[in-house]
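What follows is a single structure, written as structure tokens, with notes after it.
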Amino acid sequence: MSHRRNDFRIGSSTSSPSSETPPPTMNADGVAVEVVLHVVWRVADTARAAHAVDDVARHLGECAEAALARVVSRRPVDAFRPGVPTLRHTEAVAEELTGLVAGAAAVAGLEVFAVQPVRIAYAPEVAEAMGRRRLAALDALHRDALLAEAVDAVEETVRRLTARGLVELDAREHKALVRDLTVAFCAGRTAGG
């Protein structure tokens, strides 16, 4: 019977994309994503570790890879709509990953303290397109905010003008004033930055 040496110290490993790794994981939007994880662990039960698996580090890597695929497939990297949990919420992602990896690794006598994503990126083949999509989404949010500010300013201006008796407007004139003020406010906001 051969003896395997087990290390009882706390271990730390970081995964990294290489040519030997499987293809990138697909996120909730079906977009290829590359994630690098940092795992902090130790052998808690040496007998179980010695008999349950041939290679503790490889087993831990497989557990982390399976958990990563599960977590990544449920979330997009970026939210192009409000209120959507994303992979960029790293605390929540780390908590979920740690729970999944710890549960899977425990059967092999391993104790997992933390699984933290240290790099989340779109796969190279889609990174540029997703970057453009992200900028377009930010631009749309900015335009929506500018329009909301302009509408609020127009509403307040028309209210003040009519409250002070400076103008008396029928429905058609009211619509025309609102339209003209909205155009003026929006043009002023975009020209001013």
Side-chain angles (χ1 to χ4, degrees), residues 14-17 23-39 64-102 114-193:
T14 303
S15 65
S16 62
T25 306
M26 302 303 257
N27 74 354
D29 292 334
V31 178
V33 177
E34 290 180 349
V35 181
V36 176
L37 298 177
H38 181 76
V39 182
E65 190 177 310
L68 181 64
R70 186 172 174 188
V71 171
V72 167
S73 70
R74 295 186 197 150
R75 298 173 182 244
V77 173
D78 295 304
F80 298 109
R81 54 200 176 279
V84 176
T86 70
L87 292 172
R88 304 245 188 242
H89 297 114
T90 55
E91 286 184 18
V93 170
E95 186 177 316
E96 189 174 358
L97 284 169
T98 300
L100 290 170
V101 175
V115 179
Q116 181 71 38
V118 292
R119 180 178 173 270
I120 299 171
Y122 292 108
E125 62 270 16
V126 296
E128 189 176 324
M130 294 310 294
R132 285 192 306 270
R133 182 176 176 195
R134 188 175 187 191
L135 287 175
L138 289 172
D139 186 47
L141 286 173
H142 179 69
R143 278 185 276 125
D144 287 347
L146 286 177
L147 182 59
E149 287 177 14
V151 168
D152 291 345
V154 167
E155 183 179 37
E156 181 62 19
T157 302
V158 171
R159 187 191 63 74
R160 284 183 174 180
L161 288 172
T162 54
R164 291 181 181 169
L166 298 174
V167 292
E168 289 184 25
L169 305 169
D170 64 17
R172 187 180 57 76
E173 292 169 328
H174 183 269
K175 286 180 184 178
L177 180 61
V178 167
R179 182 190 66 234
D180 293 343
L181 285 173
T182 302
V183 169
F185 278 117
C186 286
R189 303 258 185 201
T190 56

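Computed from a predicted structure; not experimentally measured. Counting begins at 1 with the first residue of the sequence.
Two residues are said to be in side-chain contact when any heavy atoms from C-beta on lie closer than 4.5 Å; D170 and E173 meet this criterion. L87 has its side chain out of reach of P76: every pair of non-hydrogen atoms, C-beta onward, lies at least 4.5 Å apart.
H174 NE2 to T162 OG1: the interatomic distance, rounded to the nearest 0.5 Å, is 6.5 Å. Atom CD of E95 sits about 11.0 Å away from atom CG of L100, to the nearest 0.5 Å. With rounding to the nearest 0.5 angstrom, the CG atom of L68 is 12.5 Å from the CZ atom of R70. The distance from atom CG of L146 to atom NE2 of H142, rounded to the nearest 0.5 Å, is 4.0 Å.
Ion pair R74/E96 flagged as a salt bridge, since at least one NZ, NE, NH1 or NH2 atom sits closer than 4.0 Å to an Asp/Glu carboxylate oxygen.
Annotation for E91: atom CD does not count as buried by contact number, only 12 or fewer foreign heavy atoms lying within 6.0 Å.
Nearest heavy atoms, P85 versus R75: CB-NH1, 3.7 Å.
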Quiz: residues 151-158 side-chain donor-acceptor pairs under 3.5 angstrom, not counting sequence neighbours:
unit_1: E156; atom_1: OE1; unit_2: R159; atom_2: NE; d: 3.3
unit_1: E156; atom_1: OE1; unit_2: R159; atom_2: NH2; d: 3.4
unit_1: E156; atom_1: OE2; unit_2: R159; atom_2: NH2; d: 2.6
unit_1: E156; atom_1: OE2; unit_2: R160; atom_2: NE; d: 3.0
unit_1: T157; atom_1: OG1; unit_2: A153; atom_2: O; d: 2.8

Can you check side-chain contact (heavy atoms from CB on, under 4.5 Å) on M130 and D78, steps first, answer last? CA-CA 9 Å; M130 294 310 294; D78 295 304; 5.9 Å; no
Please test L37 against V101 for side-chain contact (heavy atoms from CB on, under 4.5 Å), starting from the C-alpha separation and ending with a verdict. CA-CA 11 Å; L37 298 177; V101 175; 6.0 Å; no
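At distances below 3.5 Å, at least one donor-acceptor pair connects side-chain atoms of N27 with backbone N or O atoms of D29. Under the 3.5 Å distance criterion, the side-chain polar atoms of T25 are left unmatched by any main-chain donor or acceptor of V72.
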